[in-house]
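Chain A is the first sequence line, chain B the second, and so forth, proteins listed ahead of strands; every chain is numbered from 1.
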Amino acid sequence: MSATALPQAAAPLLGFGRLLRHFGFPVAPEQVSGFMQAVTLLGPRSMNDIHEAALATLAPPPDRRDEFEAHFQSHFYGSTAAVVEGDSDEETRIKDDGGASDEASEVVRQEEGGELASSAERLSARDFQRDGDGLTAFRRKLSAALPARRSFRTVRTHARGKLDLRRSLREIVSADGDIPSPLLRRRQIVPRKLLMLIDVSGSMKLHTSGYLKLAHAAVQGADRAEIFTFGTRLTRITSALRIRDRDQALARVAALVDDWDGGTRMGPTLLAFLSVPRFSAFARGAMVVILSDALERGDHAELEMAMRRLSARAFRLTLATPLAGDPRFQPATSALRAILPVLDDLVDGSSIAGLTEFILSLARPAPAAAAIWKRVS
Amino acid sequence: MPKRSARTTSARTTSARTGSAETVATSPEAVASRLAASRYLADESLATAIFLAIRLGKPLLLEGAPGVGKTEAAKAIADLLGRDLVRLQCYEGIDAAHALYEWNYQRQLLAIRHAGEHEIDIYDDRFLIARPLLQVLKAPEKRVLLVDEIDRSDHEFEALLLEFLSDFQISIPERGTIRATAQPIVILTSNRTRELAEALRRRCVYHWITYPDAEREAAIIMLRAGDVAQATARAVASAVRDIRARPLAKPPGIAEAVEWANAATILEKGGSPWPEAFRRAIGVLIKDEEDLSYIAPELGRIVEEALA
């Protein structure tokens with residue numbers, strides 16, 4: 001199907017698909033031809049028909065809908081101002097990302113707001129040194145150590161299972177009606193998800209590099225791990241950490257996160273995490289480990305609400321704070337006191353060795369955090 | 001190209017035979033009015049998407065928050081075409097045996113024993129249990145397939161579905177390939193708890209359902225609730241709109257709004273004065289203790305503003 005064979009009126013439709021692709025929307029050729037068919041079917045009686053057809057067939061992701069509208073305006077109404085003046089965050093980001101590769105822009109999709117270049121510059125001073133801190137062993141042991149649950153899927157087994165009629169019957173038929181020993185199946189055991197939320201604010205500066213190494217080992221070792229960083233924003237860094245080489249992965253993370261060593265808005269960012277259905281689904285039935293000092297400035301009502309919601313979703317909710325490394329530590333701040341009842345564990349996050357040991361012990365039951373810390377105080 | 005033209009001709013012959021899909025969907029407005037006759041009020045955008053899905057012969061993918069009426073839309077579409085709705089509810093671990101077909105092994109075993117020395121075909125039709133996808137494939141002109149909450153299934157199932165949606169055929173090793181005689185109408189819904197595969201989105205006509213505006217919601221309440229005054233429906237719609245704008249863990253859906261209007265009307269008839277009736281019936285609208293305590297102090301003001 002070449003462009004010259006099409007009627008002249010179809011050219012803008014084709015061009016719109018190309019324009020969207022240029023701005024990083026995934027638009028397949030069949031979608032563009034579907035778009036043209038749809039426009040023909042609808043008449044088109046007005047521009048609105050073209051608009052509806054574009055929405056239905058080109059399927060812009062809901063979170064980029066505003067951007068899509070701006071492109072539609074600029075392409076079909078010729079108002080270039082729409083794209084330039086569109087004041088939403090995403091529009092500016094797209095422009096900054098213009099030169100970036102597809103792969104990178106896909107990763108950067110989360111709450112990101114431009115100025116990639118400047119943040120990379122600032123971050124080049126950070127170095128993530130390589131050290132043998134037992135993380136290799138941690139990676140190897142992790143997947144077996146996470147708590148498990150029974151899945152709805154079944155696996156073949158030789159003992160302790162229910163009769164697998166499907167396979168057994170096949171066996172019987174192939175054996176001409178003889179009944180060999182029956183075949184069994186049982187429900188599969190799958191490890192639970194591990195969700196780590198890492199505080200990258202200024203007060204955690206000493207620890208973030210260690211935490212990110214830990215997170216890298218976790219992503220490499222566990223079947224399903226999700227890692228986010230939060231400070232004033234929320235960034236998903238799981239895909240960056242999937243890169244096998246640690247230095248490369250951490251360099252990618254460094255470029256991805258915009259709010260290093262800034263302030264913390266723990267409550268609002270955690271609420272933002274929960275408000276995206278795709279993200280909050282990660283927390284369901286998962287081991288949630290929050291690595292933060294939980295020093296929330298100002299009102300902690302939002303933090304409390306976010307933690308309560310997280311704990312309702314999670315299988316086990318842990319707060320690891322480096323402050324607990326101090327033997328005199330008490331959960332005495334009002335924010336900590338407020339969230340203590342919903343925490344399953346409040347542990348020392350000051351050393352990586354201690355943290356790895358704790359994460360490997362997650363499958364073993366432990367008394368609730370509130371009970372432990374009451375005893376201490 | 002030849003593939004597509006073959007498909008459209010087959011669709012055309014089908015509609016000529018049954019006289020349904022294409023005659024029903026002549027324009028988006030016709031679709032909207034027929035949906036309204038099936039007690040579903042669609043906005044222009046949704047009606048267009050449904051129209052396009054029927055006429056282009058593509059599956060319709062509906063995404064949106066829980067409670068905006070995705071499943072209801074599917075029911076209304078089935079109703080509009082005069083077909084049965086076959087619903088496949090997805091969950092983690094759903095596999096081919098739940099979605100495509102399964103042999104009735106118990107009956108097969110019995111039949112083998114019963115047959116004794118005689119020959120018996122244990123892969124006969126009577127031993128085949130058709131699951132939703134196969135059911136629809138067998139009678140595409142009589143059934144509409146709803147694949148509900150596809151975001152709950154795993155990636156493997158999505159891949160399987162992708163294959164089904166592109167060719168509309170199922171291979172059963174013992175029986176060969178079963179092909180649809182016409183293009184079945186398929187509706188997929190997702191709550192967007194995870195991102196769907198691009199390939200799946202690409203193959204579908206897509207529509208993101210939002211909550212209706214207050215006016216339309218009032219109309220929906222009037223249509224769906226049993227015995228509710230126009231003013232009540234308006235007040236409920238505007239109050240619910242206000243409530244949804246707040247950061248709740250579970251924003252109320254349309255069904256909850258209808259229930260709230262119903263419950264408040266019943267309470268009012270039982271002797272509670274108006275604002276009080278709304279407040280006392282709040283339990284059918286907001287079903288989360290935390291949200292209730294969050295909204296409680298402001299509820300009086302919200303209801304009064306809505307009633308004004």
Q | Side chain / backbone / both / neither for B:Glu92 at chain A, heavy atoms under 4.5 Å | A | both

Q | Presence of salt bridge, A:Glu304 and A:Arg308, under 4.0 angstrom | A | yes

Q.
Out of B:Ile122, B:Asp95, B:Thr48, return the one with the most heavy atom pairs under 4.5 angstrom to chain A.
A. B:Thr48

Q) Looking at A:Leu41, A:Leu271, A:Leu55, which one has more heavy-atom pairs under 4.5 Å with chain B than the rest? A) A:Leu41

Q. Do the side chain of A:Asp164 and the main chain of A:Arg185 share a donor and acceptor less than 3.5 angstrom apart?
A. no

(Q) To the closest 0.5 Å, what do you measure between CD1 (A:Ile237) and CG (A:Leu256)? (A) 7.5 Å

Q. Checking side chain to side chain donor-acceptor pair (under 3.5 Å) against A:Thr157, which of A:Gln188, A:Arg187, A:Arg186 comes through?
A. A:Arg186

Q.
Any salt bridge linking B:Arg126 with B:Asp121? Criterion: basic side-chain nitrogen under 4.0 Å from a carboxylate oxygen.
A. no

Q | Residue B:Leu46 versus chain A: region with a heavy atom under 4.5 Å | A | neither

Q. Do you know which of B:Thr210, B:Asp154, B:Asn191 has the most heavy-atom pairs with chain A at a distance under 4.5 angstrom?
A. B:Asp154

Q. Can you tell me if A:Gln31 and A:Thr57 form a side-chain donor-acceptor pair at under 3.5 Å?
A. no

Q. Under a 4.5 Å heavy-atom cut-off, does chain B meet the side chain of A:Arg45, its backbone, both or neither?
A. side chain

Q) For the candidates A:Pro62, A:Ala281, A:Ser275, which exhibits the highest count of non-hydrogen atom pairs separated by less than 4.5 Å from chain B? A) A:Pro62

Q | B:Asp151, part contacting chain A, at a heavy-atom distance under 4.5 Å | A | neither

Q. Got more than 12 heavy atoms from elsewhere within 6.0 Å of NZ, A:Lys162?
A. no

Q. Using non-hydrogen atoms only, which part of A:Asp49 is less than 4.5 Å away from chain B: side chain, backbone, both, or neither?
A. neither

Q) Considering only heavy atoms, which portion of A:Arg166 lies under 4.5 Å from any heavy atom of chain B: side chain, backbone, both, or neither? A) both

Q. Which atom names give the shortest non-hydrogen contact between A:Phe230 and A:Thr269, and what distance separates them?
A. CD1-OG1, 3.7 Å

Q. Using a cut-off of under 4.5 Å for heavy-atom pairs, which of A:Ala312, A:Ser280, A:Pro60 has the most such pairs with chain B?
A. A:Pro60

Q.
Check this for me: does any side-chain nitrogen of one of B:Arg202 and A:Glu30 sit under 4.0 Å from a carboxylate oxygen of the other?
A. yes

Q: Heavy-atom pairs under 4.5 Å with chain A are the metric here; pick the option from B:Leu109, B:Ile112, B:Leu61 that has the most.
A: B:Leu109

Q) Of the backbone (N, CA, C, O) and the side chain (C-beta and beyond), which part of B:Ala97 lies under 4.5 Å from a heavy atom of chain A, both, or neither? A) both

**Q.** Pick from B:His207, B:Glu102, B:Arg113, B:Glu63 with the largest number of heavy-atom pairs that fall under 4.5 Å of chain A
**A.** B:Glu102

